[in-house]
Amino acid sequence: MEGEIAAAGAAWDEFRVHHVFVEGIENIAVLCKSKYMESFTGDTFFKCKEYLEKGQRVVFYGTPCQVAGLKATLWKDYKNLLTIDLICHGAGSPKVFQSCIKALEQQFGEEICAYEFRAKERVYAMDYITAVTFRSGKRYLFNDQYTQLFLQQNCLRPSCGEHCKYRTQARQGDFTIADFKGLDKVFPACTGTKVNYSSIVVNSAKGMELLPELRKSMKVMECSIDDIKKYNPLFYRQGCISKERNSFFEEYAAFPAETVVKYTHPAAVYKRSIKRRILDVLPQALRGLLLKTLRL
């Protein structure tokens, strides 16, 4: 997609997430990185239509249901629109997230000024570790309260999980992206790498036309769609919401702070084990061999 591009995706607004437009690929940094809660789309769909009608190239990125919502709003396909969805675990509650921020601040006695899901420093690709920066400048890696609730599926929307009608192999986006799970099983030579790999599934002719351009700027390794389905089954089938979800929200409606404490444990500062410290300094080949042997 040559020329100036308007991209729409999820961005932080203090401790809330909403969809915004940025113009130019050089400005997409605010749309990058994981944000595990519902993103408020606002008037993004209508702005998208305005850009498209003017002939501007647009890239829209969101959950499968958000991409479906955009298509329903537009009523027709646009050649200058590229859509990207993701393999979705479910959308977490923004209100619960705010309560978890307060729980962290109370636990450590400091105001939080920055929060980052899936911090990528000193941890492995599949670790769900949060980076939190406090007003004093202290920065810690945590397994925090919100991440616990999210992974337990206790704070997801009721339309997610087993009720989601968009979690099928008939995808909404031209591309589907996600973490590449089962990397060492599908590509044994990559075992022990510190580089993060992503899944990119091409779902349309428009996506296929752009694939050669992707190959120019990134390392692309092909695999079977069955590998994606095997190691990341949320690509094509529904999951089950936690059996505790309803009771969590019933209690949360009356006692938010107390309920968060009840269903989680205090955030623990992440510390690398001795095994991981040793693995980090080894060459990839030796690290991969040890990982296979120790199954770490």
Side-chain angles (χ1 to χ4, degrees), residues 10 12-19 34-42 44-45 62-70 72 85-108 112 115-118 126-130 132 142-173 176 178-179 181 229 231-268:
W12 281 108
D13 178 13
E14 295 185 351
F15 291 127
R16 290 176 171 79
V17 178
H18 65 160
H19 264 60
S34 302
K35 304 170 185 74
Y36 294 127
M37 76 176 89
E38 181 183 3
S39 175
F40 178 64
T41 55
T44 305
F45 295 168
T63 60
C65 58
Q66 288 174 331
V67 175
L70 172 65
D85 68 26
L86 51 88
I87 300 179
C88 184
H89 173 89
S93 164
K95 188 173 182 179
V96 172
F97 179 77
Q98 297 297 323
S99 296
C100 291
I101 289 291
K102 292 179 181 178
L104 266 177
E105 291 177 334
Q106 291 176 357
Q107 180 182 342
F108 289 89
I112 294 173
Y115 183 102
E116 178 186 347
F117 289 108
R118 294 293 297 279
M126 290 299 107
D127 286 336
Y128 288 81
I129 302 296
T130 298
V132 174
F142 286 131
N143 176 17
D144 68 307
Q145 291 90 334
Y146 182 79
T147 300
Q148 294 170 45
L149 291 171
F150 179 79
L151 293 179
Q152 294 163 3
Q153 299 191 357
N154 283 336
C155 66
L156 302 187
R157 291 169 51 88
S159 57
C160 299
E162 59 190 355
H163 303 296
C164 177
K165 64 179 182 179
Y166 297 105
R167 192 176 283 158
T168 71
Q169 192 169 332
R171 307 300 298 183
Q172 296 296 313
T176 295
D179 293 322
K181 297 186 177 182
K229 294 166 68 174
Y231 295 106
N232 202 345
L234 293 182
F235 170 70
Y236 76 104
R237 72 183 187 201
Q238 297 176 345
C240 295
I241 290 289
S242 167
K243 295 180 180 179
E244 294 183 329
R245 182 200 175 278
N246 290 341
S247 58
F248 169 80
F249 273 104
E250 287 173 2
E251 296 175 41
Y252 179 82
F255 306 103
E258 293 83 355
T259 304
V260 168
V261 171
K262 177 181 176 180
Y263 283 82
T264 64
H265 56 74

Exercise. So, do Y115 and F97 have ring centers that fall under 6.0 Å from each other?
Worked result: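 Between F97 and Y115, which both carry aromatic rings, the centre distance is below 6.0 Å.
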
Exercise. Using the benzene-type ring in the case of Trp, are the ring centres of H89 and F150 under 6.0 Å apart?
Worked result: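 Between F150 and H89, which both carry aromatic rings, the centre distance is below 6.0 Å.
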
[X] and [Y]: which non-hydrogen atoms are nearest, and at how many Å?
X	Y	result
Y166	P64	CB-CB, 3.8 Å
Q172	D85	N-OD2, 3.1 Å
S93	F249	CB-CZ, 4.1 Å
L104	A267	CD2-CB, 3.5 Å

Exercise. If you measure from CG on L149 to OG1 on T259, what distance do you get to the nearest 0.5 Å?
Worked result: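 One gets 10.0 Å once the value is rounded to the nearest 0.5 Å.
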
For this session: Check each of Q145, E244, E251 against Y263 using the side chain to side chain donor-acceptor pair (under 3.5 Å) test, and report the only one that passes.
Result: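 That would be E251.
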
Exercise. Aromatic rings Y36 and F117: how do their planes relate, parallel, tilted or perpendicular, breaks at 30° and 60°?
Worked result: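 Geometry flag for F117 against Y36: perpendicular rings.
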
Exercise. Parallel, tilted or perpendicular: which fits the ring planes of F142 and F108, with parallel below 30° and perpendicular above 60°?
Worked result: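 Rings of F142 and F108: tilted, as their planes differ by 30° to 60°.
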
For this session: Apply the test side-chain contact (heavy atoms from CB on, under 4.5 Å) to residues Q66 and T44: give CA-CA distance (whole Å), side-chain angles for both, the deciding distance (0.1 Å), then the verdict.
Result: CA-CA 10 Å; Q66 288 174 331; T44 305; over 6 Å; no

Problem set entry | Pi-cation contact, Y236 with K229 (under 6.0 Å, within 45°) |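 Geometry flag: set, cation within 6.0 Å and 45°.
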
